Novice: 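After the structure tokens below, expect a handful of questions from me.
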Amino acid sequence: MSDKRIDTYIEKAQPFAQPILKKLRVLIHKGCPEVVETIKWGMPFFEYKGPLCNIAAFKQHCVLGFWKGTLLKDLNNHLQSRAIDGGEAMGHFGKITSVKDLPSDKVILNFIKQAAKLNDDGIKVTKKMVKATTEIEIPEALQVALNKNKKAKLAFENFSASHKREYLEWITEAKTDVTRNKRIQSTIEWITDDKKRNWKYEKK
């Protein structure tokens, strides 16, 4: 099942990234026809009986991350960050800058089918294993705003990963620049007061 938000995500990606994202999207559907598309943490996610994998585009590279990548069988060492601890936003094939950086379709399809089988079998994976696949790069506009407000920047840096993610997801999922800028303004104001994203709903 497709999600139009992913169409928009790909359209807004850098020109070099678009063919990479399109190819990976097609392969994911081919390897797991029942996969359902969605957006999580501002990135395209693919679910099948639970999280399956995700793709993302950054300024100079793309990534493909498998939710249970540490459990995949990789006899030919195609997975570059098996333990998902080599740094944020690296993905399982490293930094992909061109379609040529990808292994063969056969290899990618094999990993997708393995990931789907893990979900079919109900195999669990710990949060530590999937930490890096859920990291989000800080939008440039937010980083500029944080740099102008030392108190907000320090408070943000001291937030837990989950609280940071709540703000980043809220900002990156804005559908227009106007909405995004308003959310960034609110984010700076709330962070300065050491407030979490959903502070309005917290029990007093």
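Just so it is clear, the structure is predicted and the values come from calculations on it, not from any experiment.
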Novice: Could you tell me whether Glu140 atom CD has more than 12 heavy atoms of other residues or ligands within 6.0 Å of it?
Specialist: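 No.
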Novice: What orientation do Phe93 and Phe111 show, parallel under 30°, tilted 30 to 60°, or perpendicular over 60°?
Specialist: tilted
Novice: Shortest non-hydrogen contact from Asp120 to Tyr48?
Specialist: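 Closest heavy-atom pair between Asp120 and Tyr48: OD1-OH, 2.7 Å.
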Novice: Of the non-hydrogen atoms in Leu142 and Thr187, which two are nearest, and what is the gap between them?
Specialist: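 Of all heavy-atom pairs spanning Leu142 and Thr187, the closest is CD1-CG2, 4.2 Å.
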Novice: Taking salt bridge (charged side-chain N to carboxylate O under 4.0 Å, His left out) as the definition, give me every residue that meets it alongside Arg25, ordered by chain and number, with sequence neighbours left out.
Specialist: Asp7, Glu37
Novice: I need the Lys22 NZ to Glu11 CD distance, nearest 0.5 Å.
Specialist: 8.0 Å
Novice: One pair to check against side chain to side chain contact (heavy atoms under 4.5 Å, CB included): Asp194 and Phe159. What are the steps and the verdict?
Specialist: CA-CA 9 Å; Asp194 200 30; Phe159 274 176; 3.4 Å; yes
Novice: Closer than 3.5 angstrom, by distance alone: can the side chain of Asp121 be matched with the main-chain N or O of Ile123 as a donor-acceptor pair?
Specialist: no
Novice: Before you tell me yes or no, could you show the steps for Asn147 and Gln143 under side-chain hydrogen bond (donor to acceptor under 3.5 Å, both in side chains), namely the whole-Å CA-CA distance, both residues' side-chain angles and the distance that decides it to 0.1 Å?
Specialist: CA-CA 6 Å; Asn147 290 340; Gln143 188 63 64; 3.1 Å; yes
Novice: Once you round to the nearest 0.5 Å, how far does CZ of Phe46 lie from SG of Cys32?
Specialist: 11.0 Å
Novice: With distance as the sole test, does Arg183 use its side chain to make a donor-acceptor pair with the main-chain N or O of Trp170 at under 3.5 Å?
Specialist: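 Present.
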Novice: Does some side-chain heavy atom of Leu72 sit less than 4.5 Å from a side-chain heavy atom of Leu118?
Specialist: yes
Novice: Walk me through whether Phe45 and Ile55 qualify under side chain to side chain contact (heavy atoms under 4.5 Å, CB included).
Specialist: CA-CA 7 Å; Phe45 256 78; Ile55 57 177; over 6 Å; no
Novice: Identify, with sequence neighbours excluded, every residue that meets side chain to side chain contact (heavy atoms under 4.5 Å, CB included) alongside Lys151.
Specialist: Asn149, Thr192
Novice: Is a donor on one side and an acceptor on the other found under 3.5 Å between the side chain of Tyr9 and the backbone of Ala57?
Specialist: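 Pair found, side chain donor or acceptor close to backbone of Ala57.
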Novice: Using every non-hydrogen atom in the two residues, find where Ile171 and Pro139 come nearest and quote the distance to one decimal.
Specialist: CG2-CG, 4.2 Å
Novice: Using the salt bridge (charged side-chain N to carboxylate O under 4.0 Å, His left out) rule, take Glu189 and Lys195 through it: C-alpha gap first, then chi angles, then the decisive distance, then the call.
Specialist: CA-CA 9 Å; Glu189 292 176 0; Lys195 293 178 178 178; over 6 Å; no
Novice: With the side chain counted from C-beta on, respond yes when Thr97 and Gln60 share a heavy-atom pair under 4.5 Å apart, and no when they do not.
Specialist: no
Novice: Can you tell whether the side chains of Glu169 and Arg197 come within less than 4.0 Å, N to carboxylate O?
Specialist: no
Novice: At what distance, to the nearest 0.5 angstrom, does CD1 of Ile184 lie from CZ of Arg180?
Specialist: 5.0 Å
Novice: How close do Val63 and Gly94 get, heavy atom to heavy atom, and via which atoms?
Specialist: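 Closest heavy-atom pair between Val63 and Gly94: CG1-O, 4.1 Å.
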Novice: Can you see which heavy atom on Ile20 is nearest to which on Val99, and at what distance?
Specialist: CG1-N, 3.8 Å
Novice: Is there a side-chain contact between Val144 and Lys148 in this structure, where contact means two heavy atoms from C-beta onward sitting under 4.5 Å apart?
Specialist: yes
Novice: State, yes or no, whether a side-chain contact exists between Asn181 and Thr176 at a heavy-atom distance under 4.5 Å.
Specialist: no
Novice: Hey, could you give me the NE2/OG distance between His61 and Ser98, rounded to the nearest 0.5 Å?
Specialist: 14.0 Å
Novice: List the atom of Ala174, the atom of Thr179, and the distance in Å for their closest heavy-atom pair.
Specialist: CB-CG2, 3.9 Å
Novice: Any side-chain heavy atom of Leu71 sitting closer than 4.5 Å to one from Gln114?
Specialist: no
Novice: Are any non-hydrogen side-chain atoms of Val107 and His78 less than 4.5 angstrom apart?
Specialist: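 Val107 vs His78: side chains touch.
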Novice: With the side chain counted from C-beta on, respond yes when Leu24 and Ile108 share a heavy-atom pair under 4.5 Å apart, and no when they do not.
Specialist: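 Yes, their side chains come closer than 4.5 Å.
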Novice: Are side-chain N/O atoms of Lys68 and Asn119 paired as donor and acceptor at under 3.5 Å?
Specialist: yes
Novice: I'd like to know if the side chain of Asn110 reaches the main chain of Lys106, judged simply by a donor and an acceptor atom lying under 3.5 Å from each other, with no hydrogens or angles considered.
Specialist: no
Novice: Any chance you could measure Cys62, atom SG, to Ile10, atom CD1, to the nearest 0.5 Å?
Specialist: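 If we round to the nearest 0.5 Å, Cys62:SG and Ile10:CD1 are 9.5 Å apart.
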Novice: For Phe66, does its backbone N or O pair with a side-chain atom of His92 as donor and acceptor, under 3.5 Å?
Specialist: yes
Novice: What class does the angle between the rings of Tyr167 and Trp190 fall in, given that below 30° is parallel, 30 to 60° is tilted and above 60° is perpendicular?
Specialist: tilted
Novice: Is the backbone of Ala13 close enough, under 3.5 Å, to the side chain of Gln18 for a donor and an acceptor to pair up by distance?
Specialist: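 Looks like yes, one N/O pair under 3.5 Å.
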Novice: Kindly determine whether Asp105 and Lys23 satisfy salt bridge (charged side-chain N to carboxylate O under 4.0 Å, His left out), including the steps that lead there.
Specialist: CA-CA 9 Å; Asp105 291 1; Lys23 180 179 179 66; 2.9 Å; yes
Novice: Do Lys30 and Leu109 have side chains that approach each other closer than 4.5 Å (heavy atoms only, starting at C-beta)?
Specialist: yes
Novice: Check the pair Met43, Ile39 against side chain to side chain contact (heavy atoms under 4.5 Å, CB included), reporting the backbone distance first and the verdict last.
Specialist: CA-CA 5 Å; Met43 298 180 288; Ile39 292 286; over 6 Å; no
Novice: Start with the C-alpha gap between Ile138 and Lys164, add the side-chain angles, then the distance that decides, and say whether side chain to side chain contact (heavy atoms under 4.5 Å, CB included) holds.
Specialist: CA-CA 9 Å; Ile138 298 177; Lys164 289 179 181 177; over 6 Å; no
